[in-house]
Every structure is written in C-alpha cells, then in structure tokens.
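A quick note: this is a predicted structure, and the numbers were derived from the prediction, not measured.
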Amino acid sequence: MARTTSALVVNSAGAKPELTTITVDSLQEDEVLVQMHATGVCHTDLSCMAGHLPVQFPNVFGHEGAGVVLEAGSGVTDVQVGDKVLLSYNFCGGCGQCRSDFPAYCEKILQLNFGGKRLNGSSAVSFNGQEIFSNFFGQSSFSKVAVVSKSSIVPVPPDTDLLLFAPLGCGMQTGAGAILNTLDVRPGSSVVIFGTGCVGLSAVMAAKIRGARIIVAVDLVSERLSLACELGATHTIRGDNPNIRQEIIDLCGSSRGSDFALDCSGAIPVIETMIATLGIRGKAASVGAPMPGKKVEVEVFSHLTFGRQYVGCHQGDSIAKKMIPYLIHEHAQGRFPLEKLVRVYNFNDFSDAFEDMQGGKVLKPVLRWI
C-alpha cells in the first residue's frame with residue numbers, strides 16, 4: 001500500500017536538497033520497507049548532488065541507511081517486521097560477478113546503484129504524480145521511510161546502535177575492505193594511505209588490525225593527521241611536502257618504497273605520487289573517485305621492472321553481509337573506534353551536515369531521523 005513520508009529531494013544538478021513530502025509506492029516481492037533511524041552522509045552523495053557523477057534528477061540520495069523493517073515483500077525471507085537492519089549497496093545476485101562472490105562489481109551496478117530505478121524500470125517514489133529516482137544504491141535512505149532492495153539489507157542484532165553503525169554501509173567498509181580484501185595488507189608490511197577522511201581513517205584502523213609495521217598517513221589537514229596517529233598511523237606526512245616522494249621511500253625502507261598504498265582523495269597528482277612511490281612488487285589501489293574521463297600517467301618502465309600493481313577498488317571488495325558484522329565485532333573489541341569519526345545531526349539540520357562535510361569540519365555526519 002502506498003504511503004507518504006518526508007525525504008530530501010534534489011531536483012537538479014547543483015540544486016540544494018529540499019525536505020519534501022513524497023509518496024512511497026507499494027513493495028515488489030524483492031523489496032523491504034524500512035523506517036529509517038539514521039543515514040550516514042558520504043562524499044558520493046555530495047558528488048552526485050553536484051552532478052559530478054552520472055545520475056539523473058530529481059533524485060533521493062543516501063546510501064548508508066540504518067533502520068527497522070516495517071514490511072517485507074513476499075520474496076524476502078531473511079528479515080521480518082521489527083528487525084533492525086543496516087543498508088549497503090545493491091546488486092542483482094545473478095550475473096557472473098555476483099555468482100563469483102564479487103557483488104560490488106555487479107554487471108548491472110550502474111543501473112542498480114546510480115540509475116535510481118528498479119529493475120523493471122519503475123520508480124518507488126513520486127511527488128505530485130512525478131516520478132523521482134529513488135533506488136540509489138538500492139535504498140535512497142535520505143528519507144524517513146524507504147523502499148529498499150533486499151540485496152542492500154544486512155540484518156543486525158536487536159541491540160545494535162543504529163546511529164553509530166549506519167556509516168558502515170559504504171565509506172567505512174570501503175576503507176577497511178580496501179586494506180583487508182583488495183590489497184590484503186600483510187602483517188609486518190608498510191602501507192601508505194593518501195587522504196585521511198572517513199574512508200582513509202577507516203583504512204588506517206584496518207591496517208592496524210592487520211598488523212602492518214609502518215602505516216603512513218598523508219593529508220593536508222594537521223588535525224586529521226593527529227587523529228590518524230591516534231587510530232594507528234605510525235608516521236604522517238603533509239601532502240604539500242615538496243619532498244613527499246623521497247620521504248615515503250625513506251620511511252618505508254626496504255623494497256625501494258611502500259609495500260601497499262591506498263588513495264582516498266581521487267586527486268590525479270596524488271595518485272601519480274602513490275604509484276611512483278610503490279616498492280618492488282608493491283600494490284596500490286584507488287577508492288577516491290575523480291570525475292569520469294580523468295587519467296593518470298604511469299612511468300611504464302619502472303612499473304614493469306618493479307612489478308608494481310595499481311588496481312581499482314569498489315566498496316573495498318566487501319560482501320556487506322560479512323564485512324559489516326566483522327567491523328561491528330572489531331568495534332566491540334576496541335579495534336575499530338568509529339565513534340571518533342561520527343557526528344550526529346537531526347534530519348532538519350541536513351544543510352549544516354552537508355556544509356560541514358563539504359568544508360571539512362566533520363568527517364562523517366549522520367542524519368538522525370528518529
């Protein structure tokens with residue numbers, strides 16, 4: 001049965017979100033209706049609002065939701081009404097990548113995660129009869145009530161703190177997963193993390209969990225570098241240091257550079273520095289997304305003679321139903337203190353949350369819906 005609720009609607013690229021009453025459609029068999037308690041704000045949301053990534057408008061964004069199940073479609077068997085859930089990215093479950101346990105690379109990922117519509121092409125949300133794109137990462141969770149694809153659902157225990165753990169669905173699992181899965185950082189190795197926002201600091205914590213001997217954090221903001229040390233970084237370097245390449249090589253010692261490196265900035269010069277400072281058989285990954293069409297230069301001779309690797313990484317190669325419970329467990333053990341990154345805002349203060357994140361005043365804003 002259709003119902004009305006409040007949501008943040010962005011009508012065009014660059015427009016400010018508006019808190020609007022929308023109509024939520026009836027569920028399809030593979031969907032869940034979720035009463036949102038909290039939604040983390042991710043830089044991807046801001047980039048899409050600005051039109052820097054390929055999305056359509058009007059749109060309801062938000063892809064780090066956390067809430068309680070109000071209703072489940074007939075094809076949903078793993079949750080029931082009243083269950084607490086965290087929300088992550090959507091995937092089809094049937095393509096080659098999904099069947100190979102790499103759902104973050106679902107062959108329908110652009111349609112499912114950025115396209116904003118269901119598989120049958122319909123919209124789950126409307127306003128005054130106009131369809132609104134509302135399947136962002138399968139959830140569009142900047143809404144008090146949302147229609148969520150079942151593949152985005154991660155059931156969690158009844159005592160789970162939804163306000164605290166909402167951000168695990170994208171940014172934090174991306175940073176941690178890049179270290180644990182994509183790079184598979186080894187104990188005793190060296191790792192350099194470029195950019196210490198929420199994703200980068202999650203990577204720092206994961207590198208400490210993995211037992212890296214040298215963890216170098218690189219950023220332009222001194223306060224973030226201090227926090228990186230608190231969370232596990234053994235060394236810090238300011239990103240505007242003119243001798244940054246040599247400093248990285250000197251800090252990492254053997255192998256003529258770092259064993260592993262991760263870029264969370266999406267800045268082309270930073271990515272080129274990261275690749276150039278990899279050691280012998282060093283491996284680097286990018287999780288920061290520049291605008292489509294951007295390219296990096298690689299000095300091919302040293303790249304091949306050193307046996308370097310540079311790979312892309314989406315969602316930290318994480319399977320959300322495995323990674324999210326793992327990070328909750330690590331938090332309980334004191335090894336993933338994400339509360340040091342989070343600031344909660346009431347949903348009516350969404351403009352402050354977005355502006356504070358854009359201006360670097362806060363690492364991970366979370367909107368409280370209830």
Only one of T5, L87, L162, L367 passes side chain to side chain contact (heavy atoms under 4.5 Å, CB included) with M36; say which it is.
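By the side chain to side chain contact (heavy atoms under 4.5 Å, CB included) criterion, M36 pairs with just one of T5, L87, L162, L367: L87.
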Over 12 non-hydrogen atoms of neighbours within 6.0 angstrom of [atom1] in [X]:
X    : atom1 : value
E297 : CD    : no
K208 : NZ    : no
R335 : CZ    : yes

N/O donor-acceptor pair under 3.5 Å between [X] side chain and [Y] backbone:
X    : Y    : result
D161 : L164 : yes
E107 : G96  : yes
E71  : V32  : no
D263 : G266 : yes
R213 : S190 : no
N181 : A178 : no
R281 : G307 : no
Q139 : V148 : no
R210 : R186 : no

Output, in order, the C-alpha distance, side-chain angles, deciding distance and verdict of side chain to side chain contact (heavy atoms under 4.5 Å, CB included) for I248 and I237.
CA-CA 8 Å; I248 289 172; I237 302 176; 3.7 Å; yes
Can L183 be reached from L231 by stepping across I, L, V, M, F, W or Y side chains whose heavy atoms are under 4.5 Å apart?
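Yes.
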With K294, which residues qualify under salt bridge (Lys or Arg N to Asp or Glu O under 4.0 Å), at least two apart?
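Counting only residues at least two positions away or on another chain, K294 forms no salt bridge (Lys or Arg N to Asp or Glu O under 4.0 Å).
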Among all residues two or more places apart in sequence or in another chain, which pass the salt bridge (Lys or Arg N to Asp or Glu O under 4.0 Å) test with D83?
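Partners of D83 by the salt bridge (Lys or Arg N to Asp or Glu O under 4.0 Å) criterion come out as none, since no residue qualifies.
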Charged N to carboxylate O under 4.0 angstrom, [X] versus [Y]?
X    : Y    : value
K150 : E29  : no
D101 : K322 : no
D259 : K283 : no

Can E18 and N11 be said to form a side chain to side chain contact (heavy atoms under 4.5 Å, CB included), step by step?
CA-CA 8 Å; E18 298 178 12; N11 287 299; 3.8 Å; yes
Are [X] and [Y] close enough that a side-chain donor and a side-chain acceptor fall under 3.5 Å?
X    : Y    : value
Q309 : H303 : no
E247 : N241 : yes
E299 : S302 : yes
S26  : R3   : no
S149 : E31  : no
S286 : Y310 : yes

Going through the distances and angles, do T39 and R368 end up as a side chain to side chain donor-acceptor pair (under 3.5 Å)?
CA-CA 7 Å; T39 311; R368 185 207 318 263; over 6 Å; no
Angle between ring planes, [X] versus [Y], binned at 30° and 60°: parallel, tilted or perpendicular?
X    : Y    : answer
F61  : F57  : perpendicular
H314 : F137 : tilted
W369 : F347 : parallel

Take S100 and Y105, measure what side chain to side chain contact (heavy atoms under 4.5 Å, CB included) needs, and give me the verdict at the end.
CA-CA 10 Å; S100 300; Y105 304 100; over 6 Å; no
Nearest 0.5 Å, what's the CG-CG distance between D356 and D349?
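Output value for this atom pair is 10.0 Å.
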Could you give the distance from CD1 (I319) to OG (S88), rounded to the nearest 0.5 Å?
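If I round to the nearest 0.5 Å, the distance is 11.0 Å.
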Does M357 form a side chain to side chain contact (heavy atoms under 4.5 Å, CB included) with V362? I'd like the steps, not just the answer.
CA-CA 5 Å; M357 187 178 199; V362 62; 4.2 Å; yes
Stepwise side chain to side chain donor-acceptor pair (under 3.5 Å) test for E339 and H331
CA-CA 9 Å; E339 66 275 5; H331 175 268; 2.8 Å; yes
